[in-house]
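Since this is a predicted model, take the numbers as computed values, not measurements.
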Amino acid sequence: MDNYAAKGMNVSCRTIDGEAFIFDQETRLLLQLDGVASFIWDQINGTKTIKEISDVCCQAFAGEAEEIQSSVQAFINDLEDKNVVVLSTKPFPEEVISAC
Amino acid sequence: MPVNNIQLSAITALGKRNILPSSVLVEVCYNCNENCVHCCLDNHSKPGLTLQQYHTLFDQMVEAGTFYVILTGGEPFIRPDFMEIVVAARKRRLSVTIFTNATLVTEQQITELRTLSIDEVHVSIYSANPSLHDSITGVPGSFAKSTATIRKMLAAGITVRIKCPLMNIAVNGIQGINDLAKGFGVNIQYSTVITARNDGDQHTHQCRLTPEQLQRVLVDHDVIAQGTEPIYFQENLDCIPCDTVFNGGAIDPDGNVYVCNQLRIIGGNILAQPLREIWKESPEFQRLREITLRDLKECSHCELFQHCTRCPGLAYLEDGDVLGCSSVAKKVAEARRRAGVYPTEAHIFSDPLARKEEML
């Protein structure tokens, strides 16, 4: 939960009718996110930790905080497995943050 | 939270369903250091938009739903600020492919392109015979420069593809081009049609393959894959002549917007109106999107239909009617029929919008 999350440098995202479509140039994979997942995706900016992203989600959505935190963690881990999100124990450099 | 994996081809379906310019070709200038005999440009003196205007254009593309951008010319590397244009596109996470003759690219630029994670660089090679290639470009030494750059790009880890429009004076050397590409370890993309110039001048047609050469090429599966069975039948009169009117896009060096660089009908100019608005609301583009096979009176009754890959842009440019027969498509279709082959699914009339939606 203390890791910082940033969008991968070879990933492009377009929001269409409220849903995010993420395209990974390297794997040629197109991912479709629903509204909640798109909200979390928007929070991934290289400056927030997963815990901080979870906190924002707890304020935005109704539900048990623990359950939301667990869902956010699982979701971001899934994105990391798909190589569209990178995690770091330290804040990301400016060029990564500005590209998020 | 579902994360649905979708095949890459769904980007085009997504663009079609939502009417998004998902893949846009940007001509950053018409200026060129080569003088190719078959060139489709009617002048080489358009320097393109300013760097700042390209920043604005790429912002508009992101807003409009663009994923891919193809940067081409003229020769894009003739612009001193071309790398800054590439950086501007990549900064917005647009996937970038570059079409170039590769004669002006410096080693420093190759390093930068690798760092920027460019998708692909497509290099035009017309023959594996250096003197024949140079006679087509009009520039002695161009083959040596282009191929040297390909080697350097590959060594740097950049994905390169050779583009080869087939011409009557070079078609006998196809094996040489195949061997060249194999030696590099790169894919090669042949095309069989030399188009008229953008102003309709057809003197470039003198470079086209003869009917016999065309037929020979069409049966060679190492050149262009052909089908052995027809894809669609004439009863599907609702099918769409070309998806590009929904999910393509092209911008010329003055900022004019087209559905495709082949179909020279202007929908608007990005200096006056955002791309998203032009793409969705241009009356010209909306009229093009309403066209179905039903409207192509000659096609729907043509005995060559199952062999044909008619391009609406070429029908308009070369024959003057976006709804009419394309004379060059007809010639290729006749050659296919003689050869007993059919177009592949990749280049034939596509499903109506409703059926495409079901793919997502």
Side-chain angles (χ1 to χ4, degrees), chain A residues 6-44 53-54 57 61 63 67-85 94-100, chain B residues 1-24 55 58-70 87-97 113-120 157-159 246-247 249 275-276 279-280 357 359-360:
Chain A
K7 292 161 186 159
M9 292 300 282
N10 289 322
V11 171
S12 51
C13 177
R14 305 289 176 260
T15 302
I16 298 157
D17 293 337
E19 293 197 333
F21 290 84
I22 301 166
F23 174 61
D24 182 353
Q25 182 178 301
E26 282 190 12
T27 62
R28 303 294 207 216
L29 199 64
L30 182 69
L31 307 175
Q32 182 180 7
L33 308 183
D34 66 11
V36 176
S38 298
F39 179 86
I40 299 171
W41 175 259
D42 287 342
Q43 305 305 314
I44 298 172
I53 293 170
S54 298
C57 292
F61 301 107
E67 195 179 323
I68 291 175
Q69 284 177 358
S70 168
S71 296
V72 170
Q73 178 78 62
F75 173 64
I76 292 178
N77 286 347
D78 189 15
L79 293 180
E80 188 196 20
D81 289 344
K82 291 180 164 67
N83 291 319
V84 296
V85 159
E94 182 52 37
E95 62 265 26
V96 175
I97 293 169
S98 64
C100 280
Chain B
M1 270 163 284
V3 182
N4 298 325
N5 295 5
I6 305 173
Q7 294 301 309
L8 173 62
S9 58
I11 282 189
T12 57
L14 178 72
K16 183 175 178 180
R17 181 185 64 168
N18 293 282
I19 311 183
L20 309 173
S22 54
S23 177
V24 178
H55 276 281
F58 296 144
D59 282 338
Q60 291 183 15
M61 284 183 175
V62 170
E63 197 245 338
T66 303
F67 285 92
Y68 294 98
V69 60
I70 297 162
V87 170
R90 288 299 292 136
K91 194 173 178 183
R92 290 159 178 84
R93 294 168 181 263
L94 289 158
S95 185
V96 173
T97 291
L113 290 173
R114 179 68 188 105
T115 305
L116 288 164
S117 296
I118 296 304
D119 197 18
E120 287 188 351
I158 295 171
T159 303
F246 294 91
N247 57 18
L275 177 62
R276 185 187 179 91
W279 194 254
K280 298 247 183 190
E357 279 179 338
M359 292 172 60
L360 283 173

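Partners of B/Thr97 according to the side chain to side chain contact (heavy atoms under 4.5 Å, CB included) rule, which considers only residues two or more places apart in sequence or in another chain, are B/Ile70, B/Phe99, B/Asp119, B/Glu120, B/His122. Under the side-chain hydrogen bond (donor to acceptor under 3.5 Å, both in side chains) criterion, A/Gln25 pairs with B/Ser95, not counting sequence neighbours.
The shortest heavy-atom contact between B/Arg90 and A/Met9 is NH2-O, 3.5 Å.
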Please evaluate residues A/Arg14 and B/Glu63 with respect to the criterion side chain to side chain contact (heavy atoms under 4.5 Å, CB included), reporting the C-alpha separation (whole Å), side-chain torsions for both, the decisive distance (0.1 Å), and the verdict. CA-CA 8 Å; A/Arg14 305 289 176 260; B/Glu63 197 245 338; over 6 Å; no

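For B/Arg92, the part sitting under 4.5 Å from any heavy atom of chain A is the backbone (N, CA, C, O) and nothing else. Of the atoms belonging to B/Leu20, it is side-chain heavy atoms, and not backbone ones, that fall under 4.5 Å from chain A.
Between the side chain of B/Arg93 and the backbone N or O of A/Gly8 there is at least one donor-acceptor pair closer than 3.5 Å.
The distance from the OG atom of B/Ser22 to the CZ atom of A/Phe21 is 11.5 Å, given to the nearest 0.5 Å.
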